Each structure stands twice: as C-alpha cells, then as structure tokens.
Enquirer: 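After the structure tokens below, expect a handful of questions from me.
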Amino acid sequence: MEIQDRLLTWYRENRRDLPWRKDKDPYKIWVSEIMLQQTRVETVIPYFNRFVEQFPTLQHLAEAEEDEVYKAWEGLGYYSRIRNLHSAVKEVQSSYGGYVPYEPKKMARLKGVGPYTLGAVLSIAYDQKLPAVDGNVMRVLSRLFVLTDDIAKPKTRKKIEQLALQLIPEEAPGDFNQALMELGATICVPSSPRCLLCPLQQACQGLATGQHDELPIKTKNKAPLKQKMVFLLIRDQNKLWVEKRPDTGLLAGFWSLPTIERDKGESAIDAAIRWGELHGILLRNGRQVGELEHIFTHRHWNIEVLEMDYLGIENMYNENISLWTYEKFSNSTLANVYRKALKFI
DNA sequence: AAATCGTGGCT
DNA sequence: TAGCCAAGATT
C-alpha cells in the first residue's frame with residue numbers, strides 16, 4: 001500500500017478529538033492554527049474554547065475591542081500573533097465580506113499568515129492542495145526519507161515544502177496534511193519515537209538504516225541571555241505606578257510594573273532610583289519583597305521585586321507611565337511575568 | 001540568514 | 001540545572 005493510504009487510514013482511525021476538528025469553519029481553523037504556533041495542544045485547548053465562545057464568528061472578532069481581544073490571549077505568549085490576527089480579521093471583514101479568502105495569494109497577504117498557516121488553513125478548510133510544513137512534518141519527512149539538511153535553516157523548510165506537495169493526494173489534502181502532523185505529534189515524536197506503532201514503519205528509511213534517532217538534524221539554539229532585572233512596586237494611595245513598554249521588542253506595547261535592568265555592580269535599589277530619575281518620579285529606600293526567575297526563549301530574567309518609598313512626581317505629563325488601581329490590574333492584559341510578580345503586593 | 005518573539009512542560 | 005521542544009512569522 002502507498003504511504004498516503006497507510007497514513008490516511010491510520011489518521012482516520014487515530015485522530016485526536018480536538019475542539020477545532022468539530023467542523024470545518026475556516027475562521028475557527030485559522031484561530032486554532034495561530035494559537036498552535038509554537039504552543040502545545042494541551043495549552044491551546046482551553047484558550048481556543050473560551051475564544052470561540054467569546055468571538056463565535058469572524059465578524060464578532062473583527063468588531064470586538066482590542067482590550068477584549070488581547071485579554072482573551074493573556075498568558076498565551078507571542079503576543080504579536082493576536083495583534084496580527086485581529087488586524088487580519090478586520091481586513092477580511094472589510095475587503096472580503098467576512099469570508100476567509102480561498103485564493104492563496106489573498107490569504108498570504110494577511111498579517112500573521114506565513115507559509116505554514118496558509119497551507120494549513122486552506123488545505124483543512126477548503127481541501128486545497130497546498131503543503132503545511134511545521135516542525136512535525138519536517139521531523140517526520142526527515143526520518144522517513146533520511147533528509148540530512150538542517151531543519152533550522154529556512155532553505156530546508158522550502159525544500160521540504162516541495163517534497164510535501166508532491167506527496168499530497170488529490171482527494172484528501174486536508175486530512176493528509178493533518179495526518180503528517182498528527183503522526184509527528186503522537187508517534188514520530190522528537191525523542192524516543194514510537195516506531196513499533198508507526199503506520200509507516202515498513203516505508204521508513206530512517207528506521208531501516210538505524211538513523212531515526214539522529215534525525216532530524218538541527219543546529220543548537222544559543223543559550224538565553226541572563227539579565228538581572230528589578231520590578232518596582234510604587235504605591236500612591238491605593239494605586240500602583242505602571243509603565244508602558246516600547247512598541248517594539250519584548251512584550252511590545254504592554255503595560256507593566258516599572259522595570260529596569262541592573263547595571264554591572266549596581267545595587268537593586270540604585271537601579272530602582274535610576275528608574276525614577278528616568279521617569280521623573282522621586283524614590284528612595286527600597287525593600288526587596290520577592291524574587292523570581294522567568295525564562296523567555298532567548299532571555300533569562302532573575303527578577304528582584306522591590307517596594308519603594310514614593311516621594312512624589314516631578315514631571316506632570318508622561319504618556320508612558322500611569323497609576324493603576326488593583327481592579328485595573330485585574331481587568332487589563334498583563335504578560336505572565338508581571339502577573340506572577342503581583343503576588344508580592 | 002539569523003535574530004527575535006512567551007510560556008510551560010519534560011528530561 | 002540547563003537545554004530542548006511545541007501545528008511559525010516577521011524583520
């Protein structure tokens with residue numbers, strides 16, 4: 001039997017019952033694909049269920065306020081995803097009458113829709129013959145055909161897309177793409193693949209030559225940059241000072257606790273006072289009230305949380321700082337690293 | 001092409 | 001612990 005038939009048969013008998021597989025609503029499939037980027041299925045499930053309940057159709061999402069939409073994404077990470085998705089959905093509503101485009105060129109122009117998401121949405125929702133090559137597919141095909149290209153290189157993904165396209169059966173592009181990913185997620189897993197349960201066991205060149213454990217080839221990531229950070233709790237009556245992060249970079253545009261990186265040899269209190277000088281706020285006498293570690297993809301923050309004595313403000317107007325009540329903290333969208341720090345207030 | 005962007009779980 | 005990984009896109 002062909003590889004395609006074995007894989008499709010296996011998939012149709014073993015596919016997980018996931019919330020975004022209840023129907024073929026292009027909008028819901030799109031939302032799920034964005035959420036699933038670099039994010040585990042188990043993590044996504046509760047977010048997805050809440051999201052589609054709150055925004056049942058593309059039109060609901062397009063017409064929703066940004067605050068509400070971002071709040072629904074709080075804690076999921078990679079927040080440019082939701083910024084781009086909201087923007088793209090509004091574009092679909094205004095330019096395409098609320099229908100997710102069928103034409104790949106139109107879909108590809110939407111913000112946040114890269115080669116993978118394009119192929120995934122259009123193949124699953126509309127059964128279009130397009131590759132959907134994610135990390136799973138690169139791993140599965142690397143092992144199946146003993147591809148020794150470095151999957152960390154963009155060039156390799158393009159090569160594997162061409163291969164994947166050749167493999168897609170005319171009659172079931174959506175199921176075939178999902179089957180490759182499902183195999184990678186449940187059988188052909190990164191370490192200790194469950195080859196004995198694999199429907200492609202006989203066809204797998206990697207298994208036959210004993211190279212399945214060495215594949216795929218992938219260059220190592222750099223170690224995350226270690227930084228000593230200080231978060232400030234600055235009380236004014238029943239409120240706390242917050243600052244707005246820059247519009248680019250890490251946690252772009254989010255409101256946060258006042259944050260500053262310690263210079264070499266600088267004490268946490270001196271760093272805190274330096275933050276105050278930068279923002280026109282008079283501070284002194286900090287006390288550490290907590291400490292925590294937080295690891296991003298490429299940064300490792302050791303964080304001291306300091307409660308400061310607040311003496312007053314110098315500048316009357318600074319758009320990048322504000323005073324929030326505790327209720328405001330609950331209602332606003334806060335990145336997890338800051339949500340974690342709030343336990344020390 | 002390589003760096004950047006969150007978070008949580010597992011080894 | 002430190003490193004790796006998870007249905008990637010953008011710059």
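In this text the structure is predicted, and so the values were computed from the model without any measurement. Both backbone and side-chain heavy atoms feed into the values below; hydrogens, waters and symmetry mates do not. Naming: A, B, ... by sequence-line order, numbering from 1 per chain.
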Enquirer: Under 3.5 Å, is there an N or O donor on one side and an acceptor on the other linking the side chain of A/Tyr78 and the base of B/dG6?
Expert: yes

Enquirer: Checking contacts here: which listed nucleotide (C/dG8, B/dT4, C/dC5) is nearest the side-chain heavy atoms of A/Thr117?
Expert: C/dG8

Enquirer: Between C/dA7, B/dG6, C/dC5, which nucleotide has the shortest distance from any of its atoms to the side chain of A/Lys218?
Expert: C/dC5

Enquirer: Give the rounded distance in Å between these two atoms: NZ of A/Lys153 and C1' of B/dA2.
Expert: 8 Å

Enquirer: Please state how far atom OH in A/Tyr47 lies from atom C1' in C/dA6, giving the value in whole angstrom units.
Expert: 15 Å

Enquirer: Is the NZ or CZ atom of A/Arg50 positioned over A/Tyr47's six-membered ring, under 6.0 angstrom from the centre and within 45° of the axis?
Expert: yes

Enquirer: Where the side chain of A/Glu182 is concerned, which of B/dT7, C/dA7, B/dT4 is the nearest nucleotide?
Expert: C/dA7

Enquirer: Using whole Å, what does the distance between atom C1' of nucleotide C/dC5 and atom CE of A/Met181 come to?
Expert: 17 Å

Enquirer: Regarding A/Gly249, tell me which of base, sugar-phosphate or nothing describes its non-hydrogen contacts under 4.0 Å with the strands shown.
Expert: sugar-phosphate

Enquirer: Between A/Glu291 and A/Asn302, do the side chains contain a donor N or O and an acceptor N or O under 3.5 Å apart?
Expert: yes

Enquirer: Base, sugar-phosphate, or nothing: which does A/Ser191 touch, judged by heavy atoms less than 4.0 Å apart?
Expert: nothing

Enquirer: Write down the distance separating the P atoms in C/dA7 and B/dC10, rounded off to the nearest Å.
Expert: 15 Å

Enquirer: Please confirm whether the shortest side-chain N or O distance from A/Asn336 to OP1 or OP2 of B/dG6 is below 4.0 Å.
Expert: no

Enquirer: Is the centre of the A/Tyr79 ring less than 6.0 Å from the centre of the A/Tyr70 ring?
Expert: no

Enquirer: Base, sugar-phosphate alone, or nothing: which one does A/Leu85 contact when heavy atoms must sit under 4.0 Å apart?
Expert: nothing

Enquirer: Quick check: does any side chain N or O of A/Asp134 sit under 3.5 Å from a backbone N or O of A/Val137, one acting as donor and the other as acceptor?
Expert: yes

Enquirer: With a 4.0 Å cutoff (strictly under), does any side-chain N or O of A/His298 reach OP1 or OP2 of B/dC5?
Expert: yes

Enquirer: For A/Arg40 and B/dG8, give me the distance from atom CZ to atom P, rounded to whole Å.
Expert: 12 Å

Enquirer: Can you tell me how far C1' in C/dA6 sits from the matching atom in B/dA1, rounded to whole Å?
Expert: 23 Å

Enquirer: Any base atoms under 4.0 Å from A/Val113, or only sugar-phosphate, or nothing? Heavy atoms, all strands.
Expert: sugar-phosphate

Enquirer: Name the residue from A/Asn136, A/Leu200, A/Leu144, A/Leu7 that meets the side-chain contact (heavy atoms from CB on, under 4.5 Å) definition with A/Leu180.
Expert: A/Leu7

Enquirer: For A/Trp20, which contact category applies under a 4.0 Å heavy-atom criterion: base, sugar-phosphate, or nothing?
Expert: base

Enquirer: In this structure, how many angstroms lie between the C1' atom of C/dA2 and the NZ atom of A/Lys222, rounded?
Expert: 17 Å

Enquirer: If you find the nucleotide of DNA chain C closest to A/Arg139 and the one closest to A/Pro115, which residue's nucleotide is nearer the 5' end?
Expert: A/Arg139

Enquirer: So, under a plain 3.5 Å distance rule, would you say the side chain of A/Arg81 forms a donor-acceptor pair with the base of C/dA7?
Expert: no

Enquirer: Please pick, from B/dT7, C/dC5, C/dT10, the nucleotide with the shortest atom-to-atom distance to any side-chain atom of A/Asn84.
Expert: C/dT10

Enquirer: Could you check which of C/dC5, B/dC5, B/dT7 has an atom nearest any side-chain atom of A/His294?
Expert: B/dT7

Enquirer: Take A/Ser80 and A/Lys158, find for each the nucleotide of DNA chain B with the closest heavy atom, and name the residue whose nucleotide sits nearer the 5' end.
Expert: A/Lys158

Enquirer: May I ask you to say what A/Ala152 touches in the nucleic acid, namely base, sugar-phosphate or nothing, with a heavy-atom cut-off under 4.0 Å?
Expert: nothing

Enquirer: Select base, sugar-phosphate, or nothing to describe what A/Leu251 touches, counting heavy atoms under 4.0 Å on all strands.
Expert: sugar-phosphate

Enquirer: Closer to the 5' end of DNA chain C via nearest nucleotide, is it A/Gly112 or A/Arg16?
Expert: A/Arg16

Enquirer: Does a salt bridge link A/Asp175 with A/Arg15, judged by any charged N lying under 4.0 Å from a carboxylate O?
Expert: no

Enquirer: Using the closest heavy atom to pick a nucleotide of DNA chain B for each, name whichever of A/Pro154 or A/Phe254 lands nearer the 5' end.
Expert: A/Pro154

Enquirer: What is the minimum heavy-atom distance between A/Met138 and A/Ile160, and which atoms define it?
Expert: CG-CD1, 3.8 Å

Enquirer: Between A/Asp149 and A/Thr156 (side chain of the first, backbone of the second, donor and acceptor by atom type, cut-off under 3.5 Å), is there such a pair?
Expert: no

Enquirer: C/dA2, B/dG6, C/dA7: which one has an atom nearest the side-chain heavy atoms of A/Thr297?
Expert: B/dG6

Enquirer: Calculate the interatomic distance between A/Lys155 atom NZ and C/dG8 atom P; express it in whole Å.
Expert: 23 Å

Enquirer: What is the distance, to the nearest angstrom, from the CD atom on A/Glu42 to the P atom on C/dC5?
Expert: 17 Å

Enquirer: Can you tell me how far C1' of B/dA3 sits from CZ of A/Phe296, to the nearest Å?
Expert: 16 Å

Enquirer: So if I take every side-chain heavy atom of A/Lys226 and compare against C/dG8, B/dG8, C/dA2, which nucleotide ends up nearest?
Expert: C/dA2

Enquirer: Which is true for A/Thr43 with a 4.0 Å heavy-atom rule: it touches a base, it touches only sugar-phosphate, or it touches nothing?
Expert: nothing

Enquirer: Report which part of the nucleic acid A/Arg21 touches: base, sugar-phosphate, or nothing (heavy-atom distance under 4.0 Å, all strands).
Expert: base

Enquirer: What's the closest nucleotide to the A/Gln38 side chain, out of C/dC5, C/dG8, C/dA2?
Expert: C/dG8

Enquirer: Could you work out which one of B/dC5, B/dT7, C/dC5 sits closest to the side chain of A/Pro190?
Expert: C/dC5

Enquirer: Which part of the nucleic acid, if any, lies within contact of A/Arg83, taking any heavy atom under 4.0 Å across all strands shown: a base, the sugar-phosphate backbone alone, or nothing?
Expert: nothing

